[in-house]
Amino acid sequence: MLDPTPHESAIAEAPKIFRFDDFTLDLEQRRLLKGSSEVPLTPKAFEVLSVFVAQPDKIIKKDFLLETIWPDTYVSESTLTQNVYQLRKALGQLDGGEYIETIPKFGYRFRARFHDLPKIERNGHSIVVNANGHSRERDHEPEINSGSPPNQSSWIRRWPYAIGALLLATVLAGLFWYSFTGRGQNVSFEHFSVSALTADGSTHKVAVSRDGKYLALVKQNRGMRSIVLQLLDSATTSEILPPQEKYFIGLAFSVDEKYLYYVTYDPPPPASYALRGALFRIPTFGGSPELVCTDVESPIAFSSDRRSFAFIRLSPDEKATNLMVAQVDGSSDATMIASHPSDAPYGKGGLAFSPDNESIVLGARRSDGSFQLLAVKIKTGAETPLSDFTWRWIGQPQWIDDANILVTGIGQGALQKEGVWKVPTSGAPVRLVATGVSSTLGLTVSDKPRKLIAIKTRRISSFWVGDRESLQSPTRILEFVTEDSIVPPGLSWTPDGRLLYAAAVNGDLDIWRMNLDGSQKKQLTFSPSRDSFPLATPDGKYLVFMSDRSGNGNLWKADADGSNPVQLTNEKGVTSPSITADGRFLYFVAVNGPSNYTLKRILLESGEQQTLLTAAILAPQISPDGTKIACFYPRDSGRPADQRSYRLTILDVPSMGVLKTSDLTLQGSNNGVVVWTGPDDLVYAYGDSKVTQLWALSLKDMHTQLLNESPPDPIWGMAWRPGGNQLAIEKMVVANDAVLLTPAPEAQTSEP
């Protein structure tokens with residue numbers, strides 16, 4: 001066992017219990033007692049109270065509480081108000097008023113009578129824990145108090161707030177230390193808090209060394225990617241692989257930490273689909289890369305005995321995905337352990353050896369398109385599902401102990417959330433233990449001390465409006481940060497010139513409405529499900545939107561204010577809805593499997609449906625006169641979706657034949673959006689890792705005009721104002737950062 005660091009020593013010595021009036025707040029056990037009876041609190045209300053008790057009689061700003069309790073997450077002030085209300089109910093009355101006093105237009109002040117706590121000795125210095133529960137170290141520094149004169153440092157002036165944040169961070173760090181090193185009580189974890197390790201938004205992959213001292217990071221900037229090494233406890237970095245125009249699939253330290261292994265492939269040219277990756281290794285502190293093997297299509301995983309590593313290899317000729325094991329020393333060729341057909345392949349998100357090195361755990365797609373977590377025996381290839389629970393997507397699994405696995409992924413139905421899931425091998429229920437963490441960019445774990453690190457994805461959504469002549473510099477009307485990343489939310493116009501959009505303001509994705517200048521924002525749907533892609537019927541009476549409130553993502557219709565919702569479709573999933581200008585028909589794509597895409601339409605008045613075309617088209621939009629459909633049509637539908645190319649195509653509605661084809665071709669990984677601006681005029685957006693372009697297209701002569709070119713801020717949605725001359729644009733910038741996952745015991749969880 002490594003010797004505890006000064007920070008760990010401070011954690012062990014920091015006060016864990018605060019006593020005031022008849023109450024005892026136990027930070028370690030996350031319990032509030034009144035006398036001997038426990039007072040129930042939600043996890044967030046408990047954290048708010050923890051900050052209050054750290055600095056009683058001090059005015060605490062609302063902004064400070066929001067940033068401390070909900071870091072890197074946008075929540076409204078009403079969320080804080082609800083938690084304060086819950087605390088007031090739980091604490092009852094204090095002589096002369098409330099325990100929590102509201103300071104109008106500023107914040108709150110916590111008032112209570114605290115009991116003395118003992119002082120703690122450390123390294124010959126006396127840390128005094130006073131009646132307020134604060135601690136300070138007596139040495140040669142003067143005592144710090146709230147009456148510091150104005151010329152003292154900003155740190156001293158902000159001390160009451162800083163100590164509150166430090167206490168809360170210490171509580172979380174202490175829980176992490178106790179849970180994973182076995183010190184203190186045997187506390188089981190059920191939820192993780194998330195704290196940032198990087199802050200520039202450019203992290204694409206991450207790996208942690210086994211000793212927990214170093215992070216290896218793939219950094220991405222304008223289509224170029226590099227590998228840097230960072231000390232975990234600081235921002236100090238050094239570049240060990242210079243920027244290059246390659247895609248990175250995986251990143252891992254060797255068991256002896258002498259090398260970094262990474263899987264990469266070159267961007268494909270337009271007519272090529274040679275996406276087979278190659279595995280390289282490079283000395284951890286810099287040197288020349290060395291090719292290890294080719295045809296590697298997933299991150300690799302090392303066995304704990306240092307002898308083997310595993311990966312996924314594609315066999316296009318056999319239409320199969322193969323689970324392979326190779327020797328680290330290169331003494332033999334890679335051996336196939338098991339194989340899955342390409343219509344139900346092994347997932348390429350990641351894999352892990354079991355602690356006894358007898359099995360490999362990884363995700364596999366089932367015939368219905370869902371994913372299941374499997375354990376594959378290395379000697380026999382026999383497969384065992386680890387749970388009946390299925391995901392929409394499975395990413396990187398990691399063993400946390402002999403009985404539990406953590407895996408990144410996206411759930412299904414009512415649990416269509418993205419984050420980290422705990423999978424007990426005992427058959428106990430699967431639980432969602434951390435949200436706001438990318439399901440696709442990996443999960444990495446150190447050994448001693450045990451540290452879990454993932455990548456947190458934040459999406460900065462912004463809405464812009466401009467007329468045809470001002471699209472070079474449109475006006476931004478709204479911007480917000482969300483952690484929701486499963487589908488693009490979508491936007492559209494109402495007949496009276498307002499905008500409908502989807503936003504995850506308080507953790508749930510709902511439909512909102514706002515004025516053209518961003519004012520008078522109003523929430524229209526209220527559901528823990530995911531509501532997106534809102535459309536108003538041309539007469540303004542109804543709202544049509546996508547929702548998974550029935551389990552799968554389907555189309556719903558409600559009154560214009562969001563009331564009286566009724567389900568319209570019953571598919572495994574739908575996408576790209578559009579309404580004809582007369583309000584009669586609603587067009588959409590039904591997605592009932594990885595290769596089962598069907599263009600359909602529904603008569604809104606009667607609910608009658610009609611199948612129009614079976615093809616994996618993207619972003620279909622009906623023309624204002626209802627006679628044509630603009631879409632991105634696949635040129636090679638036999639290939640996987642991420643390896644196809646798509647061409648902007650105009651279809652004739654009566655015959656579903658091709659009327660015209662543009663020269664614009666998209667690769668599967670690129671972003672394309674199209675919108676009608678007139679019976680024969682279109683605007684389409686095209687983006688890649690280097691640039692985003694907005695083009696106008698006239699179908700009469702197929703003439704194109706560049707309207708706007710900007711840095712690679714992907715355009716996810718566009719809407720042309722009916723009968724007007726204004727284009728609304730939805731952009732979404734992705735910021736990825738490495739985060740430390742800190743387990744907290746006995747917190748609320750999501751359970752299937």
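- Ser532 and Ala502 make their closest contact through CA-CB, 3.9 Å (heavy atoms, listed as atom of the first residue, atom of the second, distance).
- Using a 4.5 Å heavy-atom threshold, the side chains of Asp57 and Arg111 count as touching.
- By the 4.0 Å N-to-carboxylate-O rule, Glu98 lies too far from Arg109 to be salt-bridged with it.
- Remark: the backbone N or O of Ala738 is paired with a side-chain donor or acceptor of Thr198 at under 3.5 angstrom.
- Looking only at distances, no side-chain donor or acceptor of Gln230 sits under 3.5 Å from a matching main-chain atom of Leu217.
- Here the side chains of Thr457 and Val734 are in contact, with some heavy-atom distance below 4.5 Å.
- In this structure, CG in Leu251 is found 8.5 Å from OG1 in Thr444, a value given to the nearest 0.5 Å.
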side-chain contact (heavy atoms from CB on, under 4.5 Å) between Trp421 and Ile394, intermediate numbers included:
CA-CA 10 Å; Trp421 303 74; Ile394 285 182; over 6 Å; no

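- Ionic pairing of Lys219 and Asp200 is present here: one or more N-O contacts between side-chain nitrogen and carboxylate oxygen are shorter than 4.0 angstrom.
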Evaluation steps, side-chain contact (heavy atoms from CB on, under 4.5 Å), between Val437 and Leu741
CA-CA 9 Å; Val437 173; Leu741 304 182; 4.0 Å; yes

Walk me through whether Asp510 and Arg530 qualify under salt bridge (charged side-chain N to carboxylate O under 4.0 Å, His left out).
CA-CA 6 Å; Asp510 291 301; Arg530 299 170 47 79; over 6 Å; no

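- Expressed to the nearest 0.5 Å, how far NZ of Lys62 lies from CG of Leu66 amounts to 9.0 Å.
- The line from CD1 of Ile69 to NZ of Lys44 is 6.5 Å long, rounded to the nearest 0.5 Å.
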Could you give me the CA-CA distance, side-chain angles and deciding distance for Leu229 and Leu215, then say whether side-chain contact (heavy atoms from CB on, under 4.5 Å) is met?
CA-CA 6 Å; Leu229 194 68; Leu215 291 180; over 6 Å; no

With ring pair (Phe, Tyr, Trp, His ring centres under 6.0 Å) as the criterion, how do Phe18 and Phe23 come out once you've worked through the C-alpha distance, each side chain's angles and the decisive distance to 0.1 Å?
CA-CA 8 Å; Phe18 293 84; Phe23 293 95; over 10 Å; no

Side chain to side chain donor-acceptor pair (under 3.5 Å) assessment of Asp531 paired with Ser547
CA-CA 4 Å; Asp531 299 338; Ser547 178; 2.6 Å; yes

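- Pro299 and Leu351 get closest at one heavy-atom pair: O-CD2, 3.1 Å.
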Step by step, work out the side chain to side chain donor-acceptor pair (under 3.5 Å) result for Gln372 and Thr390.
CA-CA 5 Å; Gln372 196 167 25; Thr390 59; over 6 Å; no

Chi angles and distances behind the salt bridge (charged side-chain N to carboxylate O under 4.0 Å, His left out) call for Arg113, Asp21
CA-CA 6 Å; Arg113 295 180 296 271; Asp21 295 321; 3.0 Å; yes

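- Heavy-atom minimum distance, Val53 versus Phe110: CG1-CE2, 4.0 Å.
- For the pair Asn404/Gln398, no side-chain contact is recorded, criterion being any heavy-atom separation below 4.5 Å from C-beta on.
- Ser387 approaches Val423 most closely through the heavy-atom pair CB-CG1, 4.3 Å.
- Looking at Leu197 and Ile453, their side chains come closer than 4.5 Å, going by heavy atoms from C-beta outward.
- A 4.5 Å side-chain heavy-atom check between Leu232 and Lys213 finds every atom pair outside the cut-off.
- Annotation for Asp388: atom CG does not count as buried by contact number, only 12 or fewer foreign heavy atoms lying within 6.0 Å.
- In plain terms, the two heavy atoms of Ala352 and Pro397 that are nearest each other are CB-O, 3.6 Å.
- Taking the centre of each ring, Phe353 and Trp399 stay at or above the 6.0 Å mark.
- With Thr24 contributing its side chain and Arg19 its backbone, the two residues share no donor-acceptor pair below 3.5 Å.
- The shortest side-chain heavy-atom distance between Tyr501 and Leu478 falls under the 4.5 Å cut-off.
- Contact of the Leu32 side chain with the Asp26 side chain is not registered, since no non-hydrogen atoms from C-beta on lie closer than 4.5 Å.
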Might you work through the side-chain contact (heavy atoms from CB on, under 4.5 Å) test for Ile103 and Ile60, ending with a clear yes or no?
CA-CA 9 Å; Ile103 309 300; Ile60 305 175; over 6 Å; no

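- The existence of a salt bridge linking Lys34 and Asp22 is excluded, since no basic side-chain nitrogen approaches an acidic carboxylate oxygen closer than 4.0 Å.
- For Phe371, the ring-ring contact (aromatic ring centres under 6.0 Å, His included) partners two or more places apart in sequence, or in a different chain, are Trp393.
- Contact between Asp402 and Thr425 at its shortest, heavy atoms only, is O-OG1, 4.0 Å.
- Contact of the Val206 side chain with the Leu441 side chain is not registered, since no non-hydrogen atoms from C-beta on lie closer than 4.5 Å.
- No donor-acceptor distance shorter than 3.5 angstrom exists from the side chain of Thr203 to the backbone of Lys205, with no hydrogens or angles considered.
- Taking the side chain to side chain contact (heavy atoms under 4.5 Å, CB included) definition, one finds that Thr408 meets it with Gln396, Val420, Leu443, sequence neighbours left out.
- Once rounded to the nearest 0.5 Å, the distance linking CG of Asn736 with OG of Ser438 reads 6.5 Å.
- From Phe389, atom CZ reaches atom CZ of Arg431 across 12.0 Å, with rounding to the nearest 0.5 Å.
- Using a 4.0 Å cut-off between charged nitrogen and carboxylate oxygen, Arg210 and Asp447 count as a salt-bridge pair.
- Only one option out of Ile400, Val208, Leu740 pairs with Leu452 in a side chain to side chain contact (heavy atoms under 4.5 Å, CB included); it is Ile400.
- With rounding to the nearest 0.5 Å, the separation of OH in Tyr108 from CD1 in Ile100 is 8.5 Å.
- Aromatic ring centres of Phe52 and Tyr99: separated by at least 6.0 Å.
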Does Arg30 form a salt bridge (charged side-chain N to carboxylate O under 4.0 Å, His left out) with Glu47? I'd like the steps, not just the answer.
CA-CA 9 Å; Arg30 292 182 68 90; Glu47 291 174 14; 3.7 Å; yes

